[in-house]
2 protein chains.
Amino acid sequence: LAQHFNCIHMLGNQVCAPVELPANSRHLDTYFTNLTLTDKSFHVSAIGRGRALDGIEMMAISRGLTLDQMRDDPGITTIISVNSPRRFDEMMAEGLMTMAEFGQSVAVTPFTLMGAMSPVTLAGALAQQNAEALFGVVLTQLVRPGAPVMYGAFTSNVDMKSGAPAFGTPENTKANIASGQLARRYGLPYRTTPGSASNAADAQGAYETLMALWGAVLGHGNLVYHAAGWQEGGLTASFEKLIIDVEMIQHMMEFLRPIEVNEAELAVEALGAVPTGGHFFGEPHTLERYATAFYQPMLSNWQNYEAWQEAGGLDATARATRLWKKALEDYVEPVMDIAVREALEAYMARRKEAIGQGEP
Amino acid sequence: LAQHFNCIHMLGNQVCAPVELPANSRHLDTYFTNLTLTDKSFHVSAIGRGRALDGIEMMAISRGLTLDQMRDDPGITTIISVNSPRRFDEMMAEGLMTMAEFGQSVAVTPFTLMGAMSPVTLAGALAQQNAEALFGVVLTQLVRPGAPVMYGAFTSNVDMKSGAPAFGTPENTKANIASGQLARRYGLPYRTTPGSASNAADAQGAYETLMALWGAVLGHGNLVYHAAGWQEGGLTASFEKLIIDVEMIQHMMEFLRPIEVNEAELAVEALGAVPTGGHFFGEPHTLERYATAFYQPMLSNWQNYEAWQEAGGLDATARATRLWKKALEDYVEPVMDIAVREALEAYMARRKEAIGQGEP
């Protein structure tokens, strides 16, 4: 599905962890899947040096590059989560250092849920996030000056009754904007996140995600992560939610196209030609442009009530089911050179044998 | 319901037109209902001088003011719609002039749906809207210099396949922001509108309304009209949608509260006290604030999936039904002096007799 929609530029690697595969080597299977089923970039798991290096090696094979060439032409990204407050665990630190060593992109993202892993106040949480993120940023530059690194933010609040994380809240939206200001202060690209704690692909899922997405956009996010399909605070991946999220992202992309102002766009001639109380449907100015003038949503239904009822009266969630099924039907596997595919398979087999029962 | 929720400051008069009442006098019944069932301001119908004057008179009675006193202390608002392109019909013009004469607030709002009543291009539609709105603004000032007037905007696009109006589109969102810039250019308060064309109180209803609401807020809207319960482009009023919209407005109000930055909010002491990898739940800094630290949504559900399922697995729309029923149960009619109520009833009776079968 991610391959199908142009607004998705990068995949999250394990949308759902394939728990039926061994934990010590499943990263190889998911990298292989990312490389063969899509032609987009993806997130590598940098839990320790081995997993990071496997991602770098496999991306290098698929692009026909040496590891040295990859250093100057990065192809993958990882998220390094800080175990807030202030714990940068060993596996994450190793992963970060490996990625930096090979010049691959790292987003350092403190996990600062207000009231739980950070102070209950926004200023305090942002101060902590900033210190933790900069620590990781500095670490990448110590390993390899100039290594690509992003300022990551994930500050939101928890439900103080239950401790459950919440997303798309007013606090989360403000944090997404303020974090972008902090990232720009340091001249760093900014990784941000929309999200929702809703259990259903419903109105709550839409308004929470869109609140946080506006925060991400107003914060000038460079990488908007967990952008599509995220539900229940990331514990569930939903096909319907993915469609709703893609629709909201497409709305936002179209919104960000500047308003053109010139003589043709001002339509002076058409404004003069249409009589008072008339309409513009038949104007040449309209007819020349009507097919592409407006963004055409894939999910929104603009029928009147009667026509909508006759067509089945499906709400947006039900229509989303049809859309993702159609997208999967239309899916075409990208072409990959058979030699590259075989090289990837050989690499996987070799590594699985080497890993055995141990750690990667 | 509008009386129940604090984020609603003004009522739209006829949420649904009471078609069972005679068209020439139903404005009296709806004014009476607005005045007795709520203590909030409301929109008067300014279709002609009679309806506007009735609204002004009845508001004056309920506030114990003379018409002269009302001139310097306005209590009602009307929306004057321009029958775009460029037609300011007689009834609307009379209504506008009556409102201005008595110093009541007027929002002049061109009905500029791109591709239908205005050019298909945003620059052209905004140019037309601007000219039409300023025409009405000037008319109020000719009648009575200093009369309160707002710059109104309602620019959106239509579905070019069917001609049906759409709301909450990227184009509508941009128009809401740009219109605010135009209003500020003239130093005028700004009336703007969120909306949705969805037939259901679903995810589409939420994302369309929230897109346009962000446009309204980023456009610095002073009056956000049609803000709650609007569905099917205004052809349907939905109780569930009202709850969802109120929730989104409350999110926005909380979002607009600035981030406080001071020593207490920075939580320096708590940041020092919590050990690496620990948590902030038990910190005095948290305990002092946790009850009110975050916005508490009324509609959002933050339970985990299992708990949510056990509680019935209701989506946001189903939960909204419970909330509006509860709000109606909790409703208390505001107290009104019996003499004022009788004076309003007497005014209504007198006017209904005077109107008879004619026009108000």
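Quick note on labels: first sequence line is chain A, next is B, and so on, each numbered from 1.
Both the backbone and the side chain of A:E265 have a heavy atom closer than 4.5 Å to some heavy atom of chain B. Contacts of A:T286 with chain B are made by both backbone and side-chain atoms, with heavy-atom separations under 4.5 Å. B:N83 touches chain A through its backbone: at least one of N, CA, C or O sits under 4.5 Å from a heavy atom, while the side chain does not. The parts of A:T173 that come within reach of chain B are both its backbone and its side chain, each placing non-hydrogen atoms under 4.5 angstrom from that chain. For B:P275, the part lying near chain A is the backbone, with the side chain staying farther off; criterion is any non-hydrogen pair under 4.5 Å. Heavy atoms closer than 4.5 Å to chain B are found nowhere in A:Q231, neither backbone nor side chain. For chain A, no part of B:E288 is nearby; none of its heavy atoms comes within less than 4.5 Å. Of the two parts of B:L113, neither the backbone nor the side chain holds a non-hydrogen atom closer than 4.5 Å to a non-hydrogen atom of chain A.
No more than 12 heavy atoms of other residues, nucleotides or ligands sit less than 6.0 Å from atom CD of A:E269. Remark: B:F239 CZ is loosely packed, at most 12 non-hydrogen atoms of other residues, nucleotides or ligands lying under 6.0 Å away.
Between A:E254 and A:Q250, the side chains place no donor N or O within less than 3.5 Å of an acceptor N or O (distance only, hydrogens not considered).
Of the listed residues (A:A293, A:A267, A:A203, A:A291), the one with the most heavy-atom contacts under 4.5 Å to chain B is A:A203.
Between A:H251 and A:P297, the closest heavy-atom pair is CE1-CB, 4.2 Å.
Aromatic pair A:F255/A:W214: ring centres closer than 6.0 Å.
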Review point. When you look at A:F280 and A:Y290, which way does the ring pair (Phe, Tyr, Trp, His ring centres under 6.0 Å) test go after all the steps?
Key: CA-CA 11 Å; A:F280 288 76; A:Y290 82 97; over 10 Å; no
